[in-house]
Amino acid sequence: MKPTLKIITLFAFLSTLANCKGLDETDRIQNDVPANNIRPVGGGCDGCKLMYVDMPETIQATDTSAGWDETGQKLLIQGTVYKKGGKVPATDVIIYYWQTDNDGYYSPKKGMGEGAKRHGHIRGWVKTDVSGNYSIFTIRPAPYPNEDMPAHIHTSIKEPNIADEYYIDEFVFDDDPLLTRKKTEARENRGGSGILHITTVDELQVANHNIFLGLHIPNYPD
Ligand SMILES: [Fe+2]
C-alpha cells in the first residue's frame, strides 16, 4: 500500500471510531439534544416550568378555579388519567391548567408570582386520586379577542416517576365554531384528543375527558 493510501485508510478508520461514540457537538446542536444527550420527555416546552410557580404543597384531585366565582359559563371537566397503554389508571399525576377569562385575556391578579402572570389568574392544579380521577370546576374560557383561534385551556402534566413536565393537547370545545375541521386535523393529540364534548346539566356544562399518558409524547419512556 502506498503511504498516501495508508494515511487515507487510517483517517477513515479513526472517523468510524469517532462516529461510534454517538453524536458529536455539531450533531447534538442540530438535533436539539442537551449536553448530557438525554432528550426531555415531551421534547421540552415554553412555559411548562411555570406550573411550579405558586404551586401548592398539597394538591387535591378536585380543584375550583378563581374563575368559578366570576362571570362566565360554569364548566366541570372530569375524567380519568391512564398509564401508557390506556388501561391502568394513573395515580398522583399532576395536571396544571391555565386559561383565559370570560373576555379572552390571561388576566393577572395582584399577588401572583411574577413569572406566572402571563398565564393569567385562572390557573390551578389537580392531582389524580387512587382511581386516576380528577375534576376541575371552572368557567368556559373566551377565545382571544379578534382572533380565530378556538377557545382553549392549556394543560401540562407532571408524573411522579418522570423528571420532566410536558404539555398535552390543550382542551378545546366541540361546540366552538372556531374549531374548524382544518384546525381539528392539525392537532397533535398529545395525551389523546383534547377536544371536549360538552353536555349541559341544569346550567352547568360538563365534559367527561380521559387522558392517556405517553400517547404521542416524544421521548416517552417504554
Ligand atoms: Fe393560549
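This structure is a prediction, so every number in the text was calculated from the model and none was measured. Below, each value reflects all heavy atoms present in this structure, side chains not excepted, and no hydrogens, waters or symmetry copies. Just so you know, ligand 1 is whichever comes first in the structure, and atom 1 is the first atom listed for that ligand.
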Quiz item: Does any pair with a residue in residues 124-133 pass side chain to side chain donor-acceptor pair (under 3.5 Å), and if so which ones, sequence neighbours excluded?
Solution: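 Counting only pairs at least two positions apart or across chains, the side chain to side chain donor-acceptor pair (under 3.5 Å) contacts touching residues 124-133 are Thr80-Asn133.
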
Quiz item: Are Arg190 and Tyr166 in a cation-pi contact, defined as NZ or CZ under 6.0 Å from the six-membered ring centre and within 45° of the axis?
Solution: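 Judged by the rule, Arg190 and Tyr166 form no cation-pi pair.
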
Self-check item: Backbone of Glu170 reached by a side-chain donor or acceptor of His154 within 3.5 Å
Solution: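 Flag not set: sc His154 to bb Glu170 has no pair under 3.5 Å.
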
Quiz item: Near the Fe ion (ligand 1), which protein N/O/S atoms fall under 2.8 Å?
Solution: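 The answer is Tyr106 OH, Tyr144 OH, His152 NE2, His154 NE2.
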
With a 3.5 Å cut-off and sequence neighbours excluded, list the donor-acceptor pairs that the side chains of residues 50-59 form with protein atoms.
residue, atom, partner, partner atom, Å
Tyr52, OH, Glu165, OE1, 2.6
Asp54, OD2, Gly113, N, 2.8

Exercise. Give a yes or no on whether a salt bridge exists between Asp176 and Lys183, defined as a side-chain N under 4.0 angstrom from a carboxylate O.
Key: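 No.
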
Donor-acceptor pairs under 3.5 Å, side chain of residues 215-222 to any protein atom, not counting sequence neighbours: which ones?
residue, atom, partner, partner atom, Å
His216, ND1, Asn189, O, 2.9
Asn219, ND2, Pro40, O, 2.8
Tyr220, OH, Glu159, OE1, 2.9
Tyr220, OH, Glu159, OE2, 2.8

